[in-house]
Amino acid sequence: MARVTVEDCVVKVPNRFDLILVSAQRSRQISSGAPVLVERDNDKNPVVSLREIAEDKVDVNSLQSALIQGLQRHVEVDEPEDDDFGSLSVEAVGEIGSMIILDDTDDTLTVQDSAETEGEGAFVMQDSDFDEEGL
């Protein structure tokens, strides 16, 4: 029975290696409680999954996607790159025309025009002023 089923499935999935992977994924789904879409006829899950593929009862592309997601260990996430503000000098900030200011009384960062920064208690934040958790 299985040989005839494999020969029918090769028409649907031409690569036999891919067929085995997809069939194994469907067998795992059946084992975990997915409904069987063909008559079982006292067959085991791998044969049932091959019969479902041969009769186009399951979508092969969705099985392949589920297989890839199941085998995926690391999902790449684009994280923002750290900017190097430590090398930014007071003169360079002055040339830009604004400065980043930390108010000592309530620990807030503000951006002010360089003409407004001449008061007491204000200073330019540098990279060394930050610890691992922020301020």
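Keep in mind that this is a model prediction, so the values were computed, not measured.
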Asker: Could you state whether F17 and V60 fall into the same hydrophobic cluster, counting links through intermediate Ile, Leu, Val, Met, Phe, Trp or Tyr residues with side-chain heavy atoms under 4.5 angstrom apart?
Answerer: no
Asker: Roughly how far apart are I53 CD1 and C9 SG, rounded to 0.5 Å?
Answerer: 5.5 Å
Asker: I'd like to know if the side chain of R51 reaches the main chain of E39, judged simply by a donor and an acceptor atom lying under 3.5 Å from each other, with no hydrogens or angles considered.
Answerer: yes
Asker: Quick one: are E52 and V36 in side-chain contact, heavy atoms under 4.5 Å?
Answerer: yes
Asker: Do V10 and L63 land in one hydrophobic cluster if side-chain heavy atoms of ILVMFWY residues count as linked below 4.5 Å?
Answerer: yes
Asker: Would L50 end up clustered with V38 when hydrophobic side chains under 4.5 Å apart are linked, directly or stepwise?
Answerer: no
Asker: Do D41 side-chain atoms and D43 backbone N/O form a donor-acceptor pair below 3.5 Å?
Answerer: no
Asker: Quick check: does any side chain N or O of S49 sit under 3.5 Å from a backbone N or O of R26, one acting as donor and the other as acceptor?
Answerer: no
Asker: Quick one: which of Q25, R40, K44 gives a side chain to side chain contact (heavy atoms under 4.5 Å, CB included) with I30?
Answerer: R40
Asker: Taking a hydrophobic cluster as the set of Ile, Leu, Val, Met, Phe, Trp and Tyr residues connected by side-chain heavy atoms closer than 4.5 Å, whether directly or through intermediates, do I20 and V47 fall within one such cluster?
Answerer: no
Asker: May I ask whether V6 and V22 are part of the same hydrophobic cluster, defined by side-chain heavy atoms of I, L, V, M, F, W, Y residues being less than 4.5 angstrom apart, directly or through others?
Answerer: yes
Asker: Evaluate the criterion side-chain contact (heavy atoms from CB on, under 4.5 Å) for residue pair L67 and R28; output intermediate values, then yes/no.
Answerer: CA-CA 10 Å; L67 176 68; R28 283 189 288 275; 3.5 Å; yes
